[in-house]
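Given the structure is predicted, the values throughout are model-derived calculations rather than measurements. We count ligands from 1, going down the list as the structure has it; atoms in each ligand are counted the same way.
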Amino acid sequence: MSVLDSKIPEGPLKDKWTNHKNKIDLVNPANKRNIDIIVVGTGLAGGSAAASLAEMGYNVKSFCYQDSPRRAHSIAAQGGINAAKNYQNDGDSVYRLFYDTVKGGDYRSREANVHRLAEVSGNIIDQCVAQGVPFGRDYGGLLDNRSFGGVLVSRTFYAKGQTGQQLLLGAYSALNRQIAKGKVTMYNRHEMVELVKVDGKARGIIARNLETGELERHSAHAVVIATGGYGNVFFLSTNAMGSNATAAWKIHKKGAHFANPCYTQIHPTCIPRSGEHQSKLTLMSESLRNDGRIWVPKNMDDVKSIRDGKLKPTDLSEDQRDYYLERRYPAFGNLVPRDVASRAAKERCDAGFGVNKTGEAVYLDFASAIQRYGKQEAAIARIGNPSTEKIIELGAAVIESKYGNLFQMYEKIVAQNPYKTPMMIYPAVHYTMGGVWVDYNLMTSVEGCYCIGEANFSDHGANRLGASALMQGLADGYFVLPYTIGDYLSNEIRTGEIPTNTPEFDAAEKEVSDRIEKLMNIKGTKSVDHFHKLLGKAMWEYVGMARNEEGLKKAMSEIKQIRTDFWNDVRIPGDNNSLNPELEKAGRVADFLELGELFAKDALHRNESCGGHFREESVEEDGEQKGEAKRNDKDFAYVAAWEYKGEPADAVMHKEDLEFNDIELKQRSYK
Ligand SMILES: Cc1cc2nc3c(=O)[nH]c(=O)nc-3n(C[C@H](O)[C@H](O)[C@H](O)COP(=O)(O)OP(=O)(O)OC[C@H]3O[C@@H](n4cnc5c(N)ncnc54)[C@H](O)[C@@H]3O)c2cc1C
């Protein structure tokens, strides 16, 4: 019998959210002034939540480890944000966004949450436009849209290649308004290092002031975790270097179940690795697949000549190229979902067709789009018989207006001009669909502790569609949590201020100071990065794009060993009473070393292929789908929520069965 209660409201899918909102207990304005809420994280999820909760009248304490809330990782988001506005008149609707998201997630997400997400998606755009977010507009001044993978409509709103930055500036302005009013107290450069529970309820956190090393106690009536994803468990990823799992892991150890940790997204369009020295990978937005065509040479001789520098990709004629996504998936072509595109790139590179020196790169080519746009622009400008140069000039200008900053970034990193030669790309770890288990109200299995944004597991199933992380973060922060948290807080109006001079706070603070002391006293010989890289290697090799039983068992034992070595031999220079980035990293890597093992354990138990989780043992053996991932709905249509029991290997799984009443489970075909 499952201990999980997802609290999905009764009634027809399309009415659940409205009915739920109508029945949620409210907190009156005078009582809100007596209620404190801690929000950890100031990305799109945390920033929007803190601003909204304060606007509603609650007292908010907001935390981030950066020097400013607007440096949260969300700032890096490039491509766009989805919403079912149907501005293109191409048949979009709330239902279609819901349908695409559930299908894209390979039928491993919670139907009711996804429908709610689609319902509020339009409000997000209105809210952001009202804040002044400069979304891209068409010639007539209307908001423009582009397509992202896995869908057949254009529903992605964007601000060039800087959508996350612009949205975060919107949320940050709303947050600043509340900071100025005294409704939000901002704690920059503070890291949450422990959750404090009193009588089973989340009542506060221990935060470390990263500049002084001081441990601080902060109390509240509810704690909201909005601390982003855990992709950096792989060491190399497209995430910000500081992105980490510590807050999520600490609440897990205090009773919050961790759901589907193995669901990771490997993004197909990243700049390939150039060697061992790298500590970060760079994303080339998926929006580029709107206009770029992906290919490798058809013939092995051409591959070899390209690698040896004897041939350029532009020397190959159309019939010497294999546009493998267009060949394998004619219906979606280059716009297949990320998991499908990533595996297809790996398949070609594993077969020896990779085009760079390491054999881990495919081309993303804009030549056809430049031609197409150039001819169109020449026609608009009434240029009869335009020369090839003129067409290229006009076409390149269109591409520049759409993706200029991304092209510039590529040229700076790779030292090649992508207007003239195809980009080289390869898949990289990008996003984690798994995360802290939450119910429909976004409350974790610890009472009073909520989790929103990428840090929770709720909406994307086994694979996230492009442009839907920003949508989820802002939906949670602006439009869901501010309602649902009232359900809990309405019972807290008589609680009064929560003191911090209690045994529970004493114990939590002691736990933290003991841990820091232990780390500082190891005085070993190897850097934190040394262990992080070893972990990343094990994760990529055995828990990366393709997984099998033997590899996963190996991963679990290797990670355990790396963890033991870390606790015996890590060297942390400096001290605990001042700014010490190595100590910060050590704490985060210690948590990754536990999470990594649970991740592998989860991947091992899920003996099916779904979304980003590809088990080599579970592949279609014949028919049109031969070689594609094979899902097993009979045995695995559930959320695996793990309960902490000491060692990660001892974690106990609770199943939340997934029920689909409004959508038929189908083989996910993009052919
Ligand atoms: C390069 C890149 C491009 C992307 N492009 C897109 C896109 O075009 N469209 C899309 O939909 N998605 C995109 N994504 C995904 C999307 O950006 C993220 O999923 C989303 O921004 C996560 O937001 P968040 O608010 O949940 O977390 P984050 O933005 O990661 O914020 C985490 C916050 O938590 C704080 N924090 C973390 N731990 C602690 C702690 N222990 N104590 C105190 N504070 C803490 C941090 O300081 C930060 O403020 C992209 C991702 C990447 C990497």
Side-chain angles (χ1 to χ4, degrees), residues 38-50 62-83 124 146 148 156-168 171-172 175 186-195 205-208 210 218 224-232 237-240 242-251 265 267 269-271 280-287 338 406 409 428-433 435 451-456 460 464-474 476-477 584 587-588 591:
I38 285 176
V39 180
V40 188
T42 58
L44 285 175
S48 58
S62 169
F63 293 80
C64 72
Y65 60 74
Q66 288 94 348
D67 54 357
S68 158
R70 59 152 294 195
R71 282 186 194 273
H73 158 65
S74 290
I75 202 166
Q78 301 171 343
I81 174 166
N82 286 332
I124 298 172
R146 53 192 181 202
F148 262 52
T156 304
F157 294 76
Y158 63 96
K160 247 191 181 175
Q162 304 173 340
T163 315
Q165 178 174 357
Q166 299 305 330
L167 292 172
L168 192 60
Y172 174 65
L175 183 67
M186 189 64 231
Y187 296 90
N188 299 334
R189 285 269 191 208
H190 276 66
E191 179 160 15
M192 169 190 163
V193 280
E194 200 51 82
L195 177 75
I205 63 170
I206 304 294
R208 183 168 177 269
L210 298 179
H218 296 275
V224 180
I225 301 296
T227 48
Y230 52 89
N232 280 348
S237 87
T238 63
N239 289 7
S243 293
N244 68 85
T246 285
W249 196 250
K250 295 302 186 220
I251 65 167
Q265 178 159 87
H267 197 296
T269 55
C270 303
I271 298 181
K280 167 98 186 72
L281 293 172
T282 306
L283 175 79
M284 289 282 102
S285 164
E286 175 170 335
S287 60
R338 293 173 178 178
L406 299 170
M409 192 165 80
V429 172
H430 178 63
Y431 182 88
T432 44
M433 284 77 67
C451 188
I452 60 175
E454 189 174 343
N456 77 20
H460 308 295
R464 174 175 72 78
L465 288 182
S468 57
L470 302 184
M471 172 172 68
Q472 183 221 331
L474 291 180
D476 288 359
E584 290 168 31
R588 296 168 191 167
D591 293 331

Kindly determine whether Met409 and Met284 satisfy side chain to side chain contact (heavy atoms under 4.5 Å, CB included), including the steps that lead there.
CA-CA 9 Å; Met409 192 165 80; Met284 289 282 102; 3.3 Å; yes
Atom 44 (N) of ligand 1: which of Cys64, Ala428, Pro69 has the nearest heavy atom?
Cys64
Any N or O on Leu283 sitting closer than 3.5 Å to an N or O of ligand 1?
no
Over all atoms of both residues, closest heavy-atom pair of Leu175 and Ala50:
CD1-CB, 3.6 Å
Using heavy atoms and a threshold below 4.0 Å, how should the contact between Arg464 and ligand 1 be classified: side chain, backbone, both, or neither?
side chain
Ignoring hydrogens, what is the shortest heavy-atom contact between Ala171 and Leu44? Give both atom names and the distance.
CB-CD2, 4.5 Å
Does the side chain of Asn232 come under 3.5 Å of the side chain of Ser237 through a donor N or O and an acceptor N or O?
yes
Look at the aromatic rings of His267 and His430 and report parallel, tilted or perpendicular, splitting at 30° and 60°.
perpendicular
Under 4.0 Å between heavy atoms, the region of Val40 that gets near ligand 1 turns out to be side chain
Quick one: nearest non-hydrogen protein atom to atom 10 (C) of ligand 1, plus distance?
Leu470 CG, 3.2 Å
Within the side chain of Ser74, is there an N or O that forms a donor-acceptor pair under 3.5 Å with the backbone of Leu168?
no
closest protein heavy atom to atom 7 (C) of ligand 1 is Gly80 O, 3.6 Å
Going by the 4.0 angstrom heavy-atom rule, the piece of His190 near ligand 1 is backbone
So, does Ile81 sit close enough to ligand 1 that a heavy atom of it is under 4.0 Å from the ligand?
no
Among protein heavy atoms, which sits nearest to atom 25 (O) of ligand 1, and what does the distance come to when rounded to 0.1 Å?
Ala45 N, 3.0 Å
Report the nearest protein non-hydrogen atom to atom 41 (N) of ligand 1: residue, atom name, distance rounded to 0.1 Å.
Met192 O, 3.1 Å
Report yes if some N/O of Gln78 lies less than 3.5 Å from some N/O of ligand 1; otherwise report no.
yes
Give the residue and atom name of whichever protein heavy atom lies nearest to atom 18 (C) of ligand 1, and the separation in Å to one decimal.
Glu454 OE1, 3.3 Å
Please could you name the atoms of ligand 1 that Ala76 approaches to less than 4.0 Å, counting only its heavy atoms?
1 (C), 2 (C), 3 (C)
Under 4.0 Å from any heavy atom of Thr42, which atoms of ligand 1 are there?
33 (C), 48 (C), 49 (O)
Can you tell me if Glu454 uses its side chain to pair, donor with acceptor, with the backbone of Thr432 under 3.5 Å?
yes
Any donor-acceptor pair under 3.5 Å linking the side chain of Gln78 with the backbone of Ser285?
yes
For atom 34 (O) of ligand 1, what's the nearest protein heavy atom and its distance?
Gly41 CA, 3.2 Å
What protein heavy atom sits nearest atom 24 (P) of ligand 1, and how far off is it?
Ser74 OG, 3.9 Å
What closest approach, in Å, do Ile271 and Leu281 show between heavy atoms, and which atom pair accounts for it?
O-CD2, 4.2 Å
Grab the two heavy atoms, one from Ser243 and one from Tyr65, that are nearest each other, plus how far apart they are.
N-OH, 3.3 Å
Side chain or backbone of Ser468 under 4.0 Å from ligand 1, or both, or neither, by non-hydrogen atoms?
backbone
Any side-chain to backbone donor/acceptor pair from Arg146 onto Gly79? Under 3.5 Å, distance only.
yes
Distance-minimising heavy-atom pair for Ser62 and Thr42
OG-CG2, 3.4 Å
Write out the residue and atom name of the closest protein heavy atom to atom 8 (O) of ligand 1, then the distance separating them to 0.1 Å.
Gly79 N, 2.7 Å
Is it true that Leu44 lies under 4.0 Å from ligand 1, counting heavy atoms only?
yes
Flag Ser243 as yes when one of its N or O atoms lies below 3.5 Å from any N or O atom of ligand 1, and as no otherwise.
no
For Arg338, does its backbone N or O pair with a side-chain atom of Glu286 as donor and acceptor, under 3.5 Å?
no
Quick check: does Tyr65 get an N/O under 3.5 Å from an N/O on ligand 1?
yes
May I ask you to list the atoms of ligand 1 that are less than 4.0 angstrom from any heavy atom of Tyr431?
19 (O)
So, Tyr431 side chain and Asn239 main chain: donor-acceptor pair closer than 3.5 Å or not?
no
Asn82 side-chain N/O to Gly466 backbone N/O, donor-acceptor pair under 3.5 Å
yes
Taking the minimum heavy-atom distance to atom 4 (C) of ligand 1, which of Ala77, Gly43, Gly466 ranks first?
Ala77
For ligand 1, does Ala207 get within less than 4.0 Å through its side chain, its backbone, both, or neither, judged by non-hydrogen atoms?
neither
Using a 4.0 Å cut-off to any heavy atom of Gly228, which atoms of ligand 1 qualify?
26 (O), 27 (O), 30 (O), 32 (C)
I need the atoms of ligand 1 closer than 4.0 Å to a non-hydrogen atom of Gly453, numbered in the order shown.
26 (O)
Met186 versus Cys64, closest heavy-atom pair with distance
CE-SG, 3.9 Å
Under 4.0 Å from a heavy atom of Ala226: which atoms of ligand 1 are those, numbered in the order shown and with their elements?
32 (C), 33 (C), 34 (O)
